[in-house]
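This report concerns only the one structure given below.
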Amino acid sequence: MEKEAFRSGFIAILGAPNVGKSTLLNTLMGTKLSIVSPKPQTTRHRILGIKNLPQAQLIFVDTPGIHQPRTRLNQYMMRAVLEALIDPQLVLYMTDVTKQPYPDLDFLRRHLRDTSVPVFWVLNKIDRIRRQELLPLIEAYPYKEAFAEVIPISALRGENIDDLLRTMLRYLPEGPRYFPEDMPTDRDERFFIAELIREQVLLRTHQEVPYAVAVSVESVTPRDDGSLEVTANILVEKPSQKAILIGQQGRMIKAIGMHARQAISTLLRRPVHLHLWVKVRQGWKDQEAILRELGFHQV
Ligand SMILES: Nc1nc2c(ncn2[C@@H]2O[C@H](COP(=O)(O)OP(=O)(O)OP(=O)(O)O)[C@@H](O)[C@H]2O)c(=O)[nH]1
Ligand SMILES: [Mg+2]
């Protein structure tokens with residue numbers, strides 16, 4: 001029998017904020033790479049998840065949610081979205097079945113109209129509606145001709161993920177193994193540490209605070225006893241936000257630190273000592289030097 005060809009490619013996961021892109025990345029990878037929260041604009045960077053199968057390598061590209069950029073930070077985020085669209089082999093355009101109309105429809109029309117790359121419409125969160133509501137929803141969509149496939153899923157519950165995976169494999173071209181098999185992502189330890197701290201802030205704060213925060217890891221030092229000592233700064237825009245993050249008698253920062261420490265320790269599989277400092281950096285979202293330090297390239 002003829003040997004089956006090796007298939008590979010970059011698969012961009014695109015869509016409005018909060019539709020479940022990062023949840024899907026984590027479900028497809030079977031491990032948590034990208035932080036998830038109920039707040040829009042959780043993801044700020046492009047993050048690769050590299051999945052190796054015997055006959056294929058799928059390189060998933062999680063991206064920030066499509067939105068109108070108003071700060072340099074947001075411009076950077078939208079650039080990360082556009083960069084994911086430079087040369088993918090497949091695009092997953094994701095929507096949330098509980099949210100309509102579709103705010104990113106214009107973006108889709110503008111950027112995917114002339115592409116020859118197959119675009120799948122992935123309708124997420126089907127666990128939140130009744131089965132009979134699905135078909136009318138698909139039928140009413142104004143731009144169905146853009147899609148090679150329409151696949152309803154629940155990223156959270158893992159529903160229909162096998163079907164999505166099988167269909168993606170059918171569309172992937174023959175290609176090389178782009179990354180070594182022991183490399184599940186392009187991001188390093190420091191990145192994940194910062195993200196796990198930011199995730200705790202996103203899960204525990206409200207209104208403008210989640211959007212005002214960035215995390216930078218200052219040092220990661222191994223100790224003789226096998227544990228790691230991590231020092232990180234949580235940047236905010238105003239003193240009032242600093243007060244919220246510290247909380248009454250330091251309760252908030254303690255809770256953030258405790259949960260982040262557990263998550264980091266699970267990720268790195270060793271005990272972690274975490275020191276957090278909250279610092280006010282007014283207007284950091286528009287300051288090139290700070291953005292660079294936070295891993296955002298110049299825009
Ligand atoms: N019920 C349900 N909730 C989901 C599903 N997928 C994701 N969610 C929830 O939707 C919220 C947003 O999920 P994320 O994965 O962070 O969404 P995202 O598209 O990456 O968001 P941004 O990074 O902000 O663009 C979280 O509260 C998830 O738990 C799903 O299939 N069903
Ligand atoms: Mg995300």
Side-chain angles (χ1 to χ4, degrees), residues 11-49 60-71 73-85 91-100 102-104 107-108 120-131 133-134 137 150-165 185-187 191-192 194-196 198-215 263 285 295-296:
I11 303 166
I13 308 176
L14 291 192
N18 212 40
V19 297
K21 300 177 294 300
S22 301
T23 306
L24 177 63
L25 176 82
N26 294 341
T27 300
L28 286 165
M29 292 297 296
T31 174
K32 183 170 152 183
L33 281 182
S34 212
I35 62 168
V36 165
S37 91
K39 316 257 175 4
Q41 299 188 20
T42 295
T43 305
R44 289 178 176 167
H45 298 266
R46 209 156 24 104
I47 301 169
L48 298 191
F60 301 112
V61 190
D62 188 18
T63 61
I66 297 161
H67 65 287
Q68 282 294 335
R70 297 192 206 288
T71 64
L73 168 72
N74 294 87
Q75 282 168 18
Y76 169 85
M77 287 162 61
M78 279 311 290
R79 205 168 86 158
V81 177
L82 292 173
E83 279 173 359
L85 276 180
V91 173
L92 305 184
Y93 164 69
M94 209 166 167
T95 59
D96 173 344
V97 291
T98 67
K99 289 268 161 59
Q100 282 162 69
Y102 306 94
D104 45 356
F107 180 94
L108 190 70
F120 292 6
W121 179 18
V122 177
L123 294 93
N124 191 31
K125 309 197 188 180
I126 55 166
D127 57 285
R128 305 234 357 234
I129 58 167
R130 285 172 298 163
R131 292 233 158 241
E133 290 174 74
L134 193 58
L137 213 143
V150 178
I151 307 180
I153 64 161
S154 168
L156 190 67
R157 302 226 178 133
E159 259 175 82
N160 238 6
I161 299 297
D162 285 347
D163 184 33
L164 173 63
L165 203 55
T185 179
D186 61 332
R187 297 284 173 176
F191 176 82
F192 290 112
E195 287 290 270
L196 289 172
R198 198 165 62 84
E199 184 176 45
Q200 289 305 322
V201 175
L202 291 177
L203 293 174
R204 277 156 217 290
T205 60
H206 307 284
Q207 281 146 13
E208 97 281 9
V209 182
Y211 306 98
V213 165
V215 176
K285 285 186 195 165
F296 299 101

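One-based numbering along the sequence shown. All ligand and atom numbering here is 1-based and tracks the order in the structure.
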- Task: Indicate the ring-plane relationship of Y102 and W121, choosing parallel, tilted or perpendicular according to the 30° and 60° boundaries.
- Result: perpendicular

- Query: Of the listed options (T63, I129, L156), which comes nearest to atom 30 (C) of ligand 1 when hydrogens are ignored and any heavy atom counts?
  - Reply: L156

- G65 heavy atoms within 4.0 Å reach ligand 1 at atoms 25 (O)

- Here the gap from K32 atom NZ to F192 atom CZ, rounded to the nearest 0.5 Å, amounts to 10.5 Å

- Message: Restricting to distances shorter than 2.8 Å, give the number of protein N, O or S atoms close to the Mg ion (ligand 2).
- Response: 2

- Nearest heavy atom to atom 7 (C) of ligand 1, choosing from I13, V81, L203, T23, belongs to T23

- Query: For ligand 1, is any non-hydrogen atom under 4.0 Å from R128's backbone (N, CA, C, O), its side chain (CB onward), both, or neither?
  - Reply: side chain

- Within reach of ligand 1, part of S37 (heavy-atom separation under 4.0 Å): backbone

- Query: For ligand 1, which atoms have a heavy atom of Q41 less than 4.0 angstrom away?
  - Reply: 24 (O)

- Query: CG of D62 to CD1 of I11: how many Å apart, nearest 0.5 Å?
  - Reply: 13.0 Å

- Item | Protein residue, atom and distance nearest to atom 32 (N) of ligand 1, heavy-atom basis | D127 OD1, 2.7 Å

- Task: Please write down residue, atom name and distance for the protein heavy atom closest to atom 17 (O) of ligand 1.
- Result: G20 N, 3.1 Å

- Mark up the atoms of ligand 1 that fall under 4.0 Å of a heavy atom belonging to P17, in ascending order. 25 (O)

- Query: Is I153 close to ligand 1, meaning an N/O of one under 3.5 Å from an N/O of the other?
  - Reply: no

- Query: So is P64 polar-close to ligand 1, meaning N/O to N/O under 3.5 Å?
  - Reply: no

- Would you kindly say whether N26 and T23 are connected by a side-chain donor-acceptor distance under 3.5 Å? no

- Between V19 and ligand 1, is there a nitrogen or oxygen pair with a distance under 3.5 Å? yes

- Mind checking whether S22 has an N or O less than 3.5 Å away from an N or O of ligand 1? yes

- Query: For Q200, which residues count as a side-chain contact (heavy atoms from CB on, under 4.5 Å) partner, sequence neighbours excluded?
  - Reply: L203, R204, I256, H259, A260

- N/O separation below 3.5 Å, A155 to ligand 1: yes

- Query: Atom CZ of R187 and atom CD of E195: how far apart are they, to the nearest 0.5 Å?
  - Reply: 8.5 Å

- Message: Does only the side chain of N124 get under 4.0 Å from ligand 1, or the backbone, or both, or neither? Count heavy atoms.
- Response: side chain

- Note on the structure: In short, K39 meets Y211 closest at the heavy-atom pair CB-OH, 3.8 Å

- Item | Residues which pass side-chain contact (heavy atoms from CB on, under 4.5 Å) with R70, listed by chain and number, not counting sequence neighbours | Q68

- Message: Heavy-atom pairs closer than 4.0 Å: do any link ligand 1 to the side chain of P40, the backbone, both, or neither?
- Response: backbone

- Message: When you measure from the side chain of T185 to the backbone of L48, do you find a donor-acceptor pair of N or O atoms at a distance under 3.5 Å?
- Response: yes

- Message: Tell me whether Q41 contacts the main-chain N or O of G65 through its side chain, where contact means a donor paired with an acceptor under 3.5 Å.
- Response: no

- Message: Rounded to the nearest 0.5 Å, what separates atom OH in Y76 from atom CD in E83?
- Response: 7.0 Å

- Pairing residues for L134 by the side-chain contact (heavy atoms from CB on, under 4.5 Å) criterion, not counting sequence neighbours: V97, L123, I126, I129, I138, P152

- Message: Between R198 (side chain only) and T42 (backbone N and O only), is there a donor and an acceptor less than 3.5 Å apart?
- Response: yes

- Message: Looking only at distances, can you tell me whether any N or O atom of K125, backbone or side chain, sits closer than 3.5 Å to an N or O atom of ligand 1?
- Response: yes

- atom 21 (O) of ligand 1: closest protein heavy atom, distance to 0.1 Å, is N18 N, 3.0 Å

- Taking only non-hydrogen atoms of K21 and a 4.0 Å limit, the atoms of ligand 1 in range are 15 (O), 17 (O), 18 (P), 19 (O), 20 (O), 21 (O), 22 (P), 25 (O)

- Message: Donor-acceptor pair, distance only, cut-off 3.5 Å: does the side chain of N124 make one with the backbone of A155?
- Response: yes

- Query: D62 to ligand 1: N or O pair under 3.5 Å?
  - Reply: no

- Roughly how far, to the nearest 0.5 Å, is CZ of R157 from CG of D127? 4.5 Å

- Message: Return the CD1 to CG distance between I13 and L24, rounded to the nearest 0.5 Å.
- Response: 4.5 Å

